[in-house]
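Everything numeric here is computed off the predicted structure, so don't read it as measured data.
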Amino acid sequence: MVAFRRSIPLALLLLSACVGGERRDAPPPPRPIAQRPSGPVTLPGATPRDTQQCFADLSRAEVRFSPLPDRDYGSGCVVLGAVQLLDIGTPVSGLKAIRCPVARALVGWVRHGVRPAARQILGSEVVRIDSYGTYACRGIIGGSAGSAGRVSEHGLANAVDIGGFTLADGRRIVLERDWNSTDPQVREFLRIVHRSACRRFVTTLGPDYNAAHRNHFHLDMGGRPLCR
């Protein structure tokens, strides 16, 4: 896939903000949502100004990405202003369509939260981040009774789940195993990157939130602010 190289007007750029054992258990099975039998419908229309601004922010941060068409998958799963991240400077597994504001927040978190914390606390560079994915047309997992049947932020490509980190020295930090690690430095690292995510994403949920999040950080840009 070819990286995005659209020319962005200078005025747009000036408006931009800073971007900001080896078990690998998957999250609990999602609640399935019936998608459009005929497949997604591509939505016509011009790219909104705030989405153009977000593209400009990613380009200025030297992120390689490709814009994706707006699509309606049915059953409330609609993906607008999304990108495919190709290279943010640190490999992140499992990324599919992701709305640009979430991508921008992810880049800022990795560069200014995760990587510095690993260097300072663990004495090693993060060379890989393991995600459980971004877009998935499904309902909310492990929410309150009032959330039953509602489309997850993942169904809008407005979220990303992070399960672990691989360091240059060969260590793997895994949320499910290491959130309450006997190693105080590992515990400190995970709690610092959790707090850092709370400053960049609207919603940050970790293993202390509920059992459904025992093995990952859920990070999204929707709903009301929540840091747990």
Side-chain angles (χ1 to χ4, degrees), residues 1 4 25-55 57-58 65-86 92-109 130-163 175 197-198 200-207 209-228:
M1 192 175 290
F4 179 68
D25 293 343
R31 300 171 184 167
I33 289 182
Q35 298 187 58
R36 194 184 303 277
S38 59
V41 173
T42 298
L43 304 175
T47 302
R49 186 177 178 84
D50 59 345
T51 301
Q52 294 180 35
Q53 181 60 66
C54 188
F55 291 166
D57 294 343
L58 292 181
F65 69 99
S66 289
L68 298 175
D70 294 342
R71 284 179 173 160
D72 184 342
Y73 289 84
S75 301
C77 294
V78 180
V79 177
L80 305 174
V83 300
Q84 178 71 56
L85 290 174
L86 304 176
V92 183
S93 69
L95 296 182
K96 298 180 181 178
I98 181 171
R99 289 196 66 202
C100 189
V102 188
R104 180 172 54 192
L106 177 65
V107 170
W109 179 61
D130 293 322
S131 94
Y132 289 136
T134 49
Y135 172 75
C137 188
R138 61 171 173 78
I140 295 174
I141 298 173
S144 63
S147 67
R150 285 171 47 197
V151 173
S152 166
E153 292 296 327
H154 287 282
L156 307 175
N158 202 33
V160 58
D161 290 342
I162 301 297
L175 266 291
C198 289
R200 295 180 180 277
F201 297 88
V202 174
T203 298
T204 297
L205 306 177
Y209 180 58
N210 61 20
H213 295 83
R214 72 190 185 283
N215 61 354
H216 67 280
F217 293 141
H218 168 90
L219 314 172
D220 75 48
M221 298 297 283
R224 61 186 178 87
L226 182 60
C227 174
R228 293 283 297 276

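A pairwise comparison of heavy atoms in Gly223 and Val202 identifies O-CG1, 3.6 Å as the closest pair. Nearest heavy atoms, Val160 versus Ser131: CG2-CB, 4.3 Å. Of all the heavy atoms in Phe55 and Val83, the pair that sits closest is CE2-CG1, 3.4 Å. Residues Pro101 and Cys54 come closest through the heavy atom pair N-SG, 3.5 Å. Shortest non-hydrogen contact noted between Cys100 and Leu58 is SG-CD1, 3.7 Å. Residues Gly74 and Cys137 come closest through the heavy atom pair O-SG, 4.2 Å.
The structure places NE2 of His216 at 8.5 Å from CG of Leu175, a figure rounded to the nearest 0.5 Å. The CD1 atom of Ile162 lies 11.0 Å from the NE2 atom of His218; values are rounded to the nearest 0.5 Å. If you take OG1 on Thr134 and CG on Leu106, they are separated by 9.5 Å, rounding to the nearest 0.5 Å. The line from CG of Leu219 to SG of Cys198 is 8.5 Å long, rounded to the nearest 0.5 Å. Atoms CZ and CD, from Arg138 and Glu153 in turn, are 10.5 Å apart once rounded to the nearest 0.5 Å. In this structure, the separation between NE2 on His154 and OH on Tyr132 is 12.0 Å, given to the nearest 0.5 Å.
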Is there a side-chain contact (heavy atoms from CB on, under 4.5 Å) between Val107 and Asp57 once you walk through the steps?
CA-CA 10 Å; Val107 170; Asp57 294 343; over 6 Å; no
Verdict with supporting geometry, Phe65 and Gln84, side-chain contact (heavy atoms from CB on, under 4.5 Å):
CA-CA 6 Å; Phe65 69 99; Gln84 178 71 56; over 6 Å; no
Kindly indicate, with the supporting measurements, whether the criterion side-chain contact (heavy atoms from CB on, under 4.5 Å) is fulfilled by Val92 and Leu85.
CA-CA 9 Å; Val92 183; Leu85 290 174; over 6 Å; no
For side-chain contact (heavy atoms from CB on, under 4.5 Å), just list the numbers for Val151 and Cys77, CA-CA rounded to whole Å, side-chain angles, deciding distance to a tenth of an Å, and then say yes or no.
CA-CA 7 Å; Val151 173; Cys77 294; 4.1 Å; yes
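Checked by atom type and distance alone, the side chain of Asn210 pairs as donor or acceptor with a backbone atom of His213 at under 3.5 Å.
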